[in-house]
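Here the structure is laid out as structure tokens; the discussion comes afterwards.
To find a chain, count down the sequence lines: A is the first, B the second, and so on, and within it residues start at 1.
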There are 2 protein chains.
Amino acid sequence: MDMQAFSGKPDDRLPRYQQMRDDLVRRLAQGEWAPDTAIATEAELGQFYNVSTGTVRKAIDLLVADGVLTRTQGKGTFVRRPRFDSSLFRFFRFKSVDGKPVRPTAKVLRREIVKPNEAIRSTLQLKGSDKTIHLSRVRLIEGRPVLSEEIWLPRNRFEALTGLRLGDFEDLLYPLYERLCRQIVASATEILNVEQATEDDAALLGIDVGSPVILVQRVAADFAGTPIEWRTTRGAASGFQYQVDIR
Amino acid sequence: MDMQAFSGKPDDRLPRYQQMRDDLVRRLAQGEWAPDTAIATEAELGQFYNVSTGTVRKAIDLLVADGVLTRTQGKGTFVRRPRFDSSLFRFFRFKSVDGKPVRPTAKVLRREIVKPNEAIRSTLQLKGSDKTIHLSRVRLIEGRPVLSEEIWLPRNRFEALTGLRLGDFEDLLYPLYERLCRQIVASATEILNVEQATEDDAALLGIDVGSPVILVQRVAADFAGTPIEWRTTRGAASGFQYQVDIR
DNA sequence: AAGTGGTCTAGACCACCCG
DNA sequence: GGGTGGTCTAGACCACTTT
């Protein structure tokens, strides 16, 4: 493969399709192609990297399997915009009174600039002096609180959020991140635990003290894999269900 | 592709690599290749189905992605034996008193031949007159009960288990299924829910009534996708943790 | 009609495993 | 050294979308 095609230093010991994949990820992280737009065609990529079509396809296969790209026959290969907003539906089954599935609305209760604790600092890979924006949200269905969320963001990347009025935050934060702060969430890791409701949980969620509560801890990252958001979500376990398919 | 190679009737509209995948699944389900043994080499498969190496590899890629086969360079392509015994480790973190991870032992408390209820009958795709073998197990760590399990099996496939003494059941059931009943578990679906401990749960697991309990409901299937086991597992939610990686 | 990804070929050479 | 899967080529033709 033509090494001139790379700005980085690819590892020659790796197969060409993996080197090519790595370089494509780098170009994606640099914003060379925006979400929902087509990347270069397979023929162009083959010329650029000086590899054959089979190798191009194998490199793209990896990124499609990772959920980074999608292919559409006759149209092109597109940068996939992850839809995390349905993420909680994998855990909680929210229905309105008439039984139809609904998306909870959101209300930001508090916003503050804080020094993160050690766990958040290390997870978000912050330096000792870096501060974070801390949001407290409640999510509601038909006015009834169902989830409570705590969110921490690195201040330097999300400065634009400090000027927004609390009432102007939208239900979905990730489109806001992208529009106001040019931060795109490309992947996330979530850890589930079960706790027993504290008095605060009980009052907010309208459940009994000590009844089961699901805690979802999420770390979201950009295309380069750099963590950009830490979020905890709590909800009554009575609405919880999750399905796993094993090979 | 040479249609003589197929016993079934492949759909000509499908790509050859998908037809080939379907036929390989059929041959696996028929037991043509046993778990942990090598299937025919890629060259042989290419000759047999009259396709080129690239197409053979693509068909096998699908089965590897499904977890049905594994490839080992220089050795061959092998039928994968799923290791479900570590499955619960994805949900529960079991440690002994010295902090090392351990596998719980098992003790069968009860075995009976019963008419299944409607939910189990339909899930296991049984006819109205078919009976099931019902096992009640408890799983222990260092003698302390940590999980309670209820298992239902179609009687006709698992007749051999009715003659086994309760003390002769082993910690792991799936090797037993395979050895005594020639039933191989190839895949499973698990659904997680959170409940509050009943008095029975509390007494068995040594926890407080009403404290959170994880309920895992598993349906296990053979290579052909036919369900062969229904299982519920209950354990204290305090030992529960689960991680999900998104795109 | 032109351009895109989807399928498929008929090889080649390499890396690894085992006797 | 012989056999296996892993990588890669340089095309061909097909199915689909857009102009």
Short heteroatom pairs, N/O only, protein and nucleotides 1-4 of chain D, under 3.5 Å:
unit_1 : atom_1 : unit_2 : atom_2 : d
D/dG3  : N2     : B/G74  : O      : 3.1
D/dT4  : O2     : B/G74  : N      : 3.1

Exercise. Would B/R182 and B/E178 pass as an ion pair if we require N to O under 4.0 Å?
Worked result: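 Salt bridge absent between B/R182 and B/E178.
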Exercise. Considering residues at least two apart in sequence or located in another chain, which fulfil the ring-ring contact (aromatic ring centres under 6.0 Å, His included) criterion with B/F223?
Worked result: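 B/F223 satisfies ring-ring contact (aromatic ring centres under 6.0 Å, His included) with no other residue.
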Exercise. Toward the 5' end of DNA chain C, which comes first, B/T53 or B/K58, by nearest nucleotide?
Worked result: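 Result of the comparison: B/K58.
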Exercise. What distance do B/R81 atom CZ and B/Y174 atom OH have between them, rounded to the nearest 0.5 Å?
Worked result: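 So the CZ of B/R81 and the OH of B/Y174 are separated by 13.5 Å.
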For this session: Using the six-membered ring wherever Trp is involved, compare the ring planes of A/F91 and A/F240 and label them parallel, tilted or perpendicular (cut-offs 30° and 60°).
Result: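 Because their plane-to-plane angle is under 30°, the rings of A/F91 and A/F240 count as parallel.
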Exercise. At under 4.0 Å, does any side-chain N or O of B/Y17 touch on OP1 or OP2 of C/dC8?
Worked result: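 No, B/Y17 has no side-chain N/O under 4.0 Å of OP1/OP2 on C/dC8.
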Problem set entry | Any side-chain donor near an acceptor of the partner, A/T232 and A/Q217, under 3.5 Å |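 No donor-acceptor contact under 3.5 Å links the two side chains.
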Table please: side-chain donor-acceptor pairs of residues 70-77 of chain B below 3.5 Å, with sequence neighbours left out.
unit_1 : atom_1 : unit_2 : atom_2 : d
B/R71  : NH2    : B/D61  : OD1    : 2.1

Problem set entry | Inter- and intrachain pairs under salt bridge (charged side-chain N to carboxylate O under 4.0 Å, His left out), touching residues 44-59 of chain B, at least two apart |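 Residue pairs with at least one partner in residues 44-59 of chain B: B/E42-B/R57.
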Exercise. Who are the side-chain contact (heavy atoms from CB on, under 4.5 Å) partners of B/E170, not counting sequence neighbours?
Worked result: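 Result, side-chain contact (heavy atoms from CB on, under 4.5 Å) vs B/E170: B/L176, B/R179.
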Exercise. Quick one: which of D/dG5, C/dC8, D/dC8 gets closest to the side chain of B/R71?
Worked result: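 Looking only at side-chain atoms, B/R71 lies closest to D/dG5.
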Exercise. Bend across the helix from C/dA1-D/dT18 to C/dC18-D/dG1, to 10°, with axes taken over 5 pairs at each end?
Worked result: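 Rounded value for the end-axis angle: 10°.
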